[in-house]
Amino acid sequence: MPKVTTSVASRKRRQRTLKAARGYFGNKSRLFRYAKDAVQHAGKYAYRDRRVRRREFRSLWITRINAACRAAGLKYSVFMAGLKALNVELDRKQLSELAINDEAAFAALVKKVVDSIKK
């Protein structure tokens, strides 16, 4: 019975790791021993930061909506509560885009909220 070796699979695995580490500084891009750790850390950061990016964008949208509301003489929290009371199904991303690109439509929303508050 011939001896079974794992050299082909090992080399493929190592080459895959080294390919993922291209562009890293120093030995991290050249030696498997260091590239393995660098790629593993990079994967953890990438996973974590995909969630952080969503968090940061939501914060940006809220800031933009708040700025547009304040310009119209309304607080963000009052505006959002008014939209919820009116059953407006726009999320913060869409509201932010409206505030930036279509000021007339955003002003109309603000007017609806103000009218509903006065009632």
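Side chains are part of it too, since the values below use all heavy atoms of this structure and drop only hydrogens, waters and symmetry mates.
A distance of 10.5 Å separates CD1 in I62 from CG in L95, rounded to the nearest 0.5 Å. To the nearest 0.5 angstrom, Q15 atom CD is 4.5 Å from R11 atom CZ. Residue R13 holds its CZ atom at 7.0 Å from OG1 of T17, rounded to the nearest 0.5 Å. Between atom OH of residue Y24 and atom CG of residue D37 there is a gap of 11.5 Å, rounded to the nearest 0.5 Å. Note: R92 CZ to R58 CZ = 4.0 Å, rounded to the nearest 0.5 Å. Between atom CZ of residue R51 and atom CD of residue E56 there is a gap of 14.0 Å, rounded to the nearest 0.5 Å.
In the hydrophobic clustering of this structure, I100 does not group with Y76; members are Ile, Leu, Val, Met, Phe, Trp, Tyr whose side-chain heavy atoms approach within less than 4.5 Å, directly or through other members. Under the 4.5 Å side-chain heavy-atom criterion for Ile, Leu, Val, Met, Phe, Trp and Tyr, V78 and M80 are members of the same hydrophobic cluster.
Residues L31 and L18 approach most closely at C-CD2, 4.0 Å, considering heavy atoms. When every heavy atom of S96 is checked against every heavy atom of R64, the shortest pair comes out as OG-CD, 3.2 Å. In plain terms, the two heavy atoms of A99 and A68 that are nearest each other are CB-CB, 3.7 Å. A pairwise comparison of heavy atoms in A21 and V39 identifies CB-CG2, 3.8 Å as the closest pair. Of all non-hydrogen atoms in Q94 and E89, the two that sit nearest each other are OE1-O, 4.2 Å.
The closest side-chain heavy-atom distance from R14 to K36 is not below 4.5 Å. Residues L83 and L90 are not in side-chain contact: their nearest non-hydrogen atoms beyond the backbone lie 4.5 Å or more apart. Counting only heavy atoms from C-beta outward, the side chains of N66 and T63 never approach each other to under 4.5 Å. You'll find the side chain of V113 stays beyond 4.5 Å of the side chain of V88, heavy atoms only. Between I65 and F106, the closest side-chain pair of non-hydrogen atoms falls below 4.5 Å.
A salt bridge links K111 with D115: the closest approach of a Lys/Arg side-chain nitrogen to an acidic carboxylate oxygen falls below 4.0 angstrom.
Heavy atoms from other residues, nucleotides or ligands lying under 6.0 Å from CZ of R22 number 12 at most.
A donor-acceptor contact shorter than 3.5 Å links the side chain of R54 to the backbone of R50.
Two rings, from F25 and Y34, have their centers 6.0 Å or more apart.
Relative orientation of the W61 and F57 rings is tilted, given thresholds of 30° and 60° on the angle between their planes.
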